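Read the structure below first, then the notes.
Just so we're clear, the structure is a prediction, and the values are computed from it rather than from any experiment. The figures here come from the full heavy-atom set of this structure, side chains too, leaving out hydrogens, waters and symmetry mates.
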Amino acid sequence: MTKKAKKQILNIVFLVVLIGITLVILVLSNSELNFANIFSFLQSANVWLLLVAVGCMLLYILLEGVSLHAVSRKIGHRAKFRSSVAYAAADVYYSGITPSATGGQPASAFYMVKDGMDAGKASFALVFNLMAYTAAIVIIGAVAFALQPFLLWDCGGFTVFLVMLGVALQLLLLGFFIACICWHRAVLKIGGGIVKLLAKMRIVKNREKWLDKIATEVDKYRSSFHEMRRRPGLIIGTLALNVLQRVSQILIPSFVCLAVDPSASFVKLFAMQAFVTLGYNSIPLPGGVGAYEYLFLRIYALSFEQAFVLSAMMVTRAISYYLSLIVSGVYTLTYHIVLMKKTRGGDAENERSDDGSVLPTVEKSVSNEENKDALSPEEGKTEISTDETGEGNKQAKALSEEEKN
């Protein structure tokens with residue numbers, strides 16, 4: 001078994017244990033949470049609105065695919081739409097089973113490169129989409145506060161703390177992106193100073209390794225700026241798609257609640273779920289398991305009875321998280337099997353001709369040539385040069401040399 005497979009199994013085991021602990025705590029602390037109440041909730045629900053909620057879950061995955069598809073085509077990679085959906089499905093699935101959603105982007109990048117996309121272009125597409133995704137969360141949070149400015153303050157101190165922590169973290173992340181684009185030298189200097197301090201405190205052992213990591217991250221975001229500056233329309237389009245993606249996810253519990261209580265305020269439901277989303281994103285747990293449930297119970301209790309909230313939460317979680325994991329996981333696995341078969345078949349054809357003579361492997365070079373041809377001469381000039389992407393590493397090494405002296 002490979003190291004990657006072992007790590008994935010450990011992530012899944014940890015997630016299952018975490019879900020089990022959360023469910024046990026919920027059942028023991030809430031007598032209203034039982035199969036009878038959930039079944040009664042579903043019986044009284046409008047089936048069509050529940051199907052709309054499921055549709056919103058599917059739309060959440062598809063919209064990320066549309067966003068990655070648009071960005072990829074703009075930078076010269078002619079991926080099929082089903083492949084772009086696979087990149088999105090891999091992101092959703094691996095983000096859902098890894099802490100802080102750290103596994104999503106590497107998984108998407110793996111399939112992009114396997115499809116023949118240049119690694120630099122794949123990195124740009126994912127980084128660009130991540131920046132739009134973060135900005136979308138901030139925008140939706142601002143809308144929620146504008147719609148219900150006083151709702152959150154009635155939830156209690158710890159709930160308010162988690163939501164405000166989520167707001168602060170998203171703003172810090174967005175600020176980091178902007179700083180890397182506009183003031184990359186300052187970010188490298190500050191990062192180098194922090195690493196130096198941690199090394200003196202013996203918290204960081206390999207200083208050069210961390211300096212290289214900082215430089216790589218800074219270069220990754222700074223390099224994206226050249227393409228963004230040339231394509232302002234791409235920024236607006238990607239941001240709009242990411243806002244719609246986030247909205248589609250937030251609408252899932254809104255339709256679940258409306259399916260049983262049509263008199264509920266749609267605006268209030270939207271704002272409440274936006275606060276839940278901001279809050280559970282601040283906790284580095286797979287899928288926010290535990291934090292999501294806590295915030296849902298605390299915030300929705302302001303407008304609904306406990307039994308209603310518990311049943312709505314379980315149905316919502318089943319659609320927005322568990323069903324989403326199943327759908328994205330199955331799609332990713334199917335795509336992976338097809339892709340691996342295609343890759344092995346291509347390798348076999350390249351290695352041996354019909355008459356038994358050995359042929360050179362040309363698949364990769366052909367793929368690279370196609371990507372080059374897809375770019376116009378003017379676009380080709382805007383590709384990130386090795387000098388630009390290496391500048392951050394040089395600065396990091398210079399900082400390291402200064403510190404040694």
Closer than 3.5 angstrom, by distance alone: can the side chain of [X] be matched with the main-chain N or O of [Y] as a donor-acceptor pair?
X	Y	value
Thr159	Leu295	no
Asn30	Glu32	no
Asn37	Leu33	no
Ser248	Gln245	yes
Thr98	Tyr94	yes

With a 4.5 Å cut-off on side-chain heavy atoms, are [Y] and [X] touching?
X	Y	result
Phe304	Met272	yes
Asn281	Leu169	no
Leu333	Tyr93	no
Arg298	Val276	no
Leu269	Pro253	no

Tell me the ring-ring contact (aromatic ring centres under 6.0 Å, His included) pairs involving residues 311-330, sequence neighbours left out?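 Residue pairs with at least one partner in residues 311-330: there are none.
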Quick check for you: to the nearest 0.5 Å, what is the distance between [X] atom [atom1] and [Y] atom [atom2]?
X	Y	atom1	atom2	answer
Ile61	Gln249	CD1	CD	10.0 Å
Leu10	Ile97	CG	CD1	11.0 Å
Ser123	Met112	OG	CE	9.5 Å
Ile319	Leu323	CD1	CG	7.0 Å
Leu62	His69	CG	NE2	12.5 Å
Phe255	Thr316	CZ	OG1	12.0 Å

Criterion ring pair (Phe, Tyr, Trp, His ring centres under 6.0 Å) on Tyr300 and Phe296, from CA distance to verdict: CA-CA 6 Å; Tyr300 279 75; Phe296 194 103; 3.9 Å; yes
Phe14: partners by ring-ring contact (aromatic ring centres under 6.0 Å, His included), with sequence neighbours left out: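 For Phe14 there are no ring-ring contact (aromatic ring centres under 6.0 Å, His included) partners, ignoring immediate neighbours.
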Partners meeting ring-ring contact (aromatic ring centres under 6.0 Å, His included) with Phe41 (sequence neighbours left out):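 Partners of Phe41 under the ring-ring contact (aromatic ring centres under 6.0 Å, His included) test: Phe308.
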Are more than 12 heavy atoms, taken from residues, nucleotides or ligands other than Glu305, located less than 6.0 Å from that residue's CD atom?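 No, because the 6.0 Å sphere around CD of Glu305 holds 12 heavy atoms or fewer from other groups.
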Set out, in order, the CA-CA distance, both residues' side-chain angles and the distance that settles side-chain contact (heavy atoms from CB on, under 4.5 Å) for Ser324 and Met57, then state yes or no. CA-CA 7 Å; Ser324 175; Met57 179 275 293; 3.9 Å; yes
Can I get a per-line list of side-chain donor-acceptor pairs under 3.5 Å for residues 124-153, giving both atom names and the distance, sequence neighbours left out?
| unit_1 | atom_1 | unit_2 | atom_2 | d |
| --- | --- | --- | --- | --- |
| Asn129 | OD1 | Ser67 | OG | 2.5 |
| Asn129 | OD1 | Asn242 | ND2 | 3.2 |
| Tyr133 | OH | Tyr60 | OH | 2.9 |
| Tyr133 | OH | Arg246 | NE | 3.3 |
| Tyr133 | OH | Arg246 | NH2 | 2.7 |
| Thr134 | OG1 | Leu130 | O | 2.9 |
| Trp153 | NE1 | Pro149 | O | 2.9 |

Between Tyr292 and Thr277, does the side-chain contact (heavy atoms from CB on, under 4.5 Å) criterion hold? Intermediate values first, please. CA-CA 8 Å; Tyr292 181 99; Thr277 301; 5.8 Å; no
Side chain to side chain donor-acceptor pair (under 3.5 Å): pairs with one or both residues in residues 326-337, sequence neighbours excluded: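 Non-adjacent pairs meeting side chain to side chain donor-acceptor pair (under 3.5 Å): Ser83-Tyr335, Tyr111-His336, Asp115-Tyr335.
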Pairs of donor and acceptor atoms involving the side chains of residues 46-55, under 3.5 Å and at least two apart or interchain, shall be tabulated with distances.
| unit_1 | atom_1 | unit_2 | atom_2 | d |
| --- | --- | --- | --- | --- |
| Asn46 | OD1 | Trp48 | N | 2.9 |
| Asn46 | OD1 | Leu49 | N | 3.3 |

